[in-house]
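Both backbone and side-chain heavy atoms feed into the values below; hydrogens, waters and symmetry mates do not. Every chain is numbered from 1, with letters handed out A, B, ... down the list of sequences.
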Protein chains: 2
Amino acid sequence: MNVSRQQNGIANSAERGPRARTRKLMLDTATRLMQSGITPSVSEVAEAAEVSRATAYRYFPSQAALVHAVVDEALGPILDWSCERPDARTRIADLLATAMPRIDEFEATFKAALKLSLDQWAQRQAGTLGNEPLFTRGHRVDLLKCVTAPLQGTMTPESRERLAQALSLVFGVEVLIVLKDIWGLTAERAQSVAEWAAKALVDAAIRQAEGET
Amino acid sequence: MNVSRQQNGIANSAERGPRARTRKLMLDTATRLMQSGITPSVSEVAEAAEVSRATAYRYFPSQAALVHAVVDEALGPILDWSCERPDARTRIADLLATAMPRIDEFEATFKAALKLSLDQWAQRQAGTLGNEPLFTRGHRVDLLKCVTAPLQGTMTPESRERLAQALSLVFGVEVLIVLKDIWGLTAERAQSVAEWAAKALVDAAIRQAEGET
DNA sequence: ACCGTTATGATACTCTCGTCTCACAATTTT
DNA sequence: AAAATTGTGAGACGAGAGTATCATAACGGT
């Protein structure tokens with residue numbers, strides 16, 4: 001066994017060589033298909049990317065792996081968001097302004113991801129599928145903890161955490177699902193509602209803390 | 001063709017006869033399986049209910065139809081909720097107190113329903129599946145419009161609608177998904193956070209309206 | 001009791017997903 | 001150039017969902 005660079009099936013995407021090339025081809029194809037609205041199966045990506053089914057399955061053993069990879073790409077700008085505004089109000093506004101358009105742009109991808117996490121939850125309930133990590137890695141938690149960080153000292157840690165939890169309800173794909181699909185709003189209106197709600201929640205937490213002192 | 005009472009495969013559940021009996025048996029079995037956590041396929045329900053696969057498919061042509069029917073049962077107490085409290089604050093609190101425990105009780109069912117609606121959305125995006133009604137019939141909209149009804153006159157209709165839309169973000173399965181699965185909260189804590197957020201939103205809308213007069 | 005309707009069960013079939021095996025092509029190593 | 005390694009394609013295979021057909025059991029009216 002030599003020290004070649006392809007030991008694990010799905011290697012780091014930063015690598016070179018034919019494997020990385022094919023993987024990127026498939027990933028780009030999958031991303032394109034997803035942004036066009038459909039949630040492609042592995043076979044569909046294989047056909048669109050003009051590789052054989054067998055090859056496609058070598059890189060992405062399931063639709064879940066495929067969606068997972070596309071989500072990681074779509075998540076990029078959101079994870080890079082700089083949590084540097086001075087106060088919580090502007091931080092949450094800035095976060096929503098950054099994240100929501102991106103989520104809307106990749107709506108199909110994020111919805112597919114949510115669907116997968118529901119699948120995994122159901123399978124776990126059923127007893128199948130041990131306690132592997134759930135699909136949803138809580139990026140939301142970290143982002144919102146940073147958003148509420150400036151409030152440290154102005155309220156109890158419990159109140160701050162509750163605020164972060166409440167804010168997580170108005171920040172994510174779910175918002176788009178509810179406001180666009182049920183209410184029939186546009187993406188812009190949905191974002192505006194989310195921003196209003198977020199501001200209301202932050203204000204309420206601050207006001208409540210001031211009243212208690 | 002005579003005028004007998006079983007023209008459509010899934011007849012009104014209030015009817016009598018062998019069809020209604022088998023249907024109820026399957027529905028109860030499906031509900032039981034779902035509350036135990038799993039989202040059964042039609043075949044699984046058939047086996048559990050001790051009817052043949054063919055018979056099962058006669059009543060519920062797909063897993064979607066099955067989940068749909070179970071959701072309708074699970075929704076019962078929520079749709080029966082009496083919107084009769086005097087003001088918006090108590091109405092939303094009352095609604096959450098009624099609905100959230102029920103949603104938590106049938107968590108697997110509602111998650112399965114959400115999964116189905118995501119499926120249908122994806123299929124519609126893909127061009128397949130014409131514009132049939134989406135799975136999510138907006139019960140939320142009607143309930144929350146009634147919740148905000150007492151505010152009529154105290155603010156602009158736009159503000160009231162925005163409040164209803166914002167409230168819809170803190171009322172539904174999504175709340176449980178985010179707070180239980182991502183934050184690791186208990187159902188009780190989740191409900192408490194939802195109630196806090198709902199109160200904050202209503203207060204913000206009212207306060208804002210008062211400030212504008 | 002008879003006959004037609006209706007619900008059911010058994011079975012075979014199609015389709016798709018995902019797995020597996022084997023043969024071939026491309027590339028690298030010696 | 002020959003040989004070994006590695007990526008790819010083609011096709012077989014099994015599992016599961018959903019459909020369709022046919023035979024039989026239960027029910028209902030005359």
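- Dashed line: the shortest gap from a side-chain N or O of A/Ser62 to OP1 or OP2 of C/dG18 is not under 4.0 Å.
- Phosphate proximity of C/dC17 to A/Ser43: present, with a side-chain N or O under 4.0 Å from OP1 or OP2.
- At D/dT8, one or more side-chain N or O atoms of A/Tyr59 fall inside 4.0 Å of OP1 or OP2 (strictly under the cut-off).
- Ion pair B/Glu174/B/Arg140 flagged as a salt bridge, since at least one NZ, NE, NH1 or NH2 atom sits closer than 4.0 Å to an Asp/Glu carboxylate oxygen.
- Computed from coordinates, the B/Gln63 CD to D/dG18 P distance equals 7 Å when rounded to whole Å.
- Listed nucleotides C/dG18, C/dT11, C/dC17 differ in distance to B/Ala54; the shortest reach to its side chain belongs to C/dT11.
- Under a cut-off of 6.0 angstrom, the local environment of NZ in B/Lys180 is crowded, with over 12 non-hydrogen atoms contributed by other residues, nucleotides or ligands.
- Distance B/Asp119 CG to C/dC17 P: 13 Å, rounded to the nearest Å.
- Here the P atom of nucleotide C/dA7 and the NZ atom of B/Lys24 are 19 Å apart, to the nearest Å.
- Side-chain contact check for B/Thr98 versus B/Asp80: every heavy-atom pair is 4.5 Å or farther apart.
- For the pair A/Leu25 CG and D/dG9 P, the interatomic distance rounds to 10 Å; values are reported in whole Å.
- You'll find that the side chain of A/Thr55 is closest to D/dT8, out of C/dA7, D/dT8, C/dG9.
- Taking 4.5 Å as the limit, some side-chain heavy atom of B/Val147 sits within range of a side-chain heavy atom of B/Trp81.
- The CD-P distance, from A/Gln123 to D/dG16, rounds to 13 Å in whole Å.
- A donor N or O paired with an acceptor N or O is found under 3.5 Å between the base of D/dG9 and the side-chain atoms of A/Arg58.
- Nearer to the 5' terminus of DNA chain D, by closest-nucleotide assignment, is the contact made by A/Ala56 (compared with the other of A/Arg53 and A/Ala56).
- Rounded to an integer number of Å, the gap from CD of B/Glu44 to P of D/dG18 is 11 Å.
- Rounded to an integer number of Å, the gap from B/Glu47 CD to C/dG9 C1' is 15 Å.
- Closest to the side chain of B/Tyr57, from the set D/dT19, D/dT8, C/dC17, is D/dT19.
- Applying the 4.0 Å criterion to OP1 and OP2 of D/dA17, one finds that B/Ser41 has a side-chain N or O inside that range.
- Rounded to the nearest 0.5 Å, atoms CZ (B/Arg89) and CG (B/Leu151) are 8.5 Å apart.
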